[in-house]
Amino acid sequence: MSLLRLRGFEIHKGYLDLASQRALIEVLRPILRTAPLFSPTAPGGRKLSVRMTSAGKFGWIADETGYRYVENHPKGMGWPAIPDRLLELWHGVTGLQRQPESCLLNYFGPDAKMGLHQDKDEADFSFPVVSVSLGDDGLFRMGDTRRGGKTDSIWLNSGDVVVMGGAARLAYHGVDRIRFQSSRLLPKGGRINLTLRVVT
DNA sequence: AAGTTACA
DNA sequence: AAAC
């Protein structure tokens, strides 16, 4: 376990050991059963390459009308609760008393990526965003608060946790590619990224 | 533009 | 990397 700081991003390499990663996957199973992954469409009609679902009071969705937090899955059901061990992880890594209200689960298959973007659909940017990597390695790119600035990249491995607060809270970031089947955590391969956020 | 394409 |  080591802590790296890059452009204000706090990168906890190896924050979760293998047993903790496996335990997390187990608590995600019932969430995926209750609130299945869906393939969101972005404004303009383009499909996002990740599949997603959420836990918590709010889930983040994209559709033709935009990006926002909503209280129900596209199929109508409410989002499952955020598992306790994720709330504990949030408190452990942020030291905050305030609980996150949303846990977005993004699944990256072999060709999935995520373009550079800012997380700015939340009401209060003084709270950090916490990101947990599980499964295959992902090449994470970090910029600053403007498009077109310089960027730095780092490979995120299963068990890494990134805290985006302070200067990094509104910094552009994205995932250029994954190394499919580089990890054995998910038998069928792929990368799961969990992002915990205070929304309101 | 949470994407796609093209080019060094 | 840059343009759209």
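Sequence lines set the chain letters: A, B, ... in the order given, protein chains first and strands last, and positions in each chain run from 1. If you're wondering where the values come from, they're calculated on a predicted model, not measured in any experiment.
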Novice: So A/Arg179 and A/Asp136, salt bridge (Lys or Arg N to Asp or Glu O under 4.0 Å) or not? Walk me through it.
Specialist: CA-CA 6 Å; A/Arg179 281 184 185 132; A/Asp136 292 340; over 6 Å; no
Novice: Separation of A/His173 atom NE2 from B/dA1 atom P, in whole Å?
Specialist: 16 Å
Novice: I need the CG-P distance between A/Leu194 and B/dA2, as an integer number of Å.
Specialist: 21 Å
Novice: Figure out the CZ/C1' separation between A/Arg191 and B/dA2, and round it to whole Å.
Specialist: 13 Å
Novice: Starting at atom NZ of A/Lys120, determine the distance to atom C1' of B/dA2, rounded to an integer number of angstrom.
Specialist: 11 Å
Novice: Determine the interatomic distance between P on B/dA8 and the same-named atom on B/dT4; round to the nearest Å.
Specialist: 22 Å
Novice: Tell me: CG of A/Asp119 to C1' of B/dA2, nearest whole Å?
Specialist: 9 Å
Novice: What is the distance from CG of A/Asp121 to P of B/dA2, rounded to the nearest Å?
Specialist: 9 Å
Novice: Specify the closest pair of heavy atoms between A/Tyr67 and A/Ala62, including all atoms of both residues, with the distance to one decimal.
Specialist: CD2-CB, 3.5 Å
Novice: DNA chain C: A/Thr151 or A/Arg147, which has the more 5' nearest nucleotide?
Specialist: A/Thr151
Novice: Using a 4.0 Å heavy-atom cut-off across all strands, classify A/Pro40 as base, sugar-phosphate, or nothing.
Specialist: nothing
Novice: In whole angstrom, what separates A/Leu116's CG from B/dT4's P?
Specialist: 14 Å
Novice: What is the distance from atom CG of A/Asp160 to atom CG of A/Leu134, rounded to the nearest 0.5 Å?
Specialist: 10.0 Å
Novice: Taking distance alone, no hydrogens or angles, what donor-acceptor pairs closer than 3.5 Å link side-chain atoms of residues 102-115 of chain A to residues at least two apart or in another chain?
Specialist:
{"residue": "A/Ser102", "atom": "OG", "partner": "A/Phe58", "partner atom": "O", "Å": "2.9"}
{"residue": "A/Tyr107", "atom": "OH", "partner": "A/Gly189", "partner atom": "O", "Å": "2.9"}
{"residue": "A/Lys113", "atom": "NZ", "partner": "A/Asp111", "partner atom": "O", "Å": "3.2"}

Novice: Whole angstroms only, please: what is the CG-C1' distance between A/Asp111 and B/dG3?
Specialist: 14 Å
Novice: Does OP1 or OP2 of B/dT4 have a side-chain N or O of A/Arg46 closer than 4.0 Å?
Specialist: no
Novice: Side chains of A/Ser131 and A/Asn193: is there a donor and an acceptor less than 3.5 Å apart?
Specialist: yes
Novice: Please name the nucleotide paired to B/dG3 by Watson-Crick or G-U wobble geometry with both distances under 3.5 Å, or report none.
Specialist: C/dC4
Novice: Could you tell me whether the phosphate oxygens of B/dA2, OP1 or OP2, come under 4.0 Å of any side-chain nitrogen or oxygen in A/Arg141?
Specialist: no
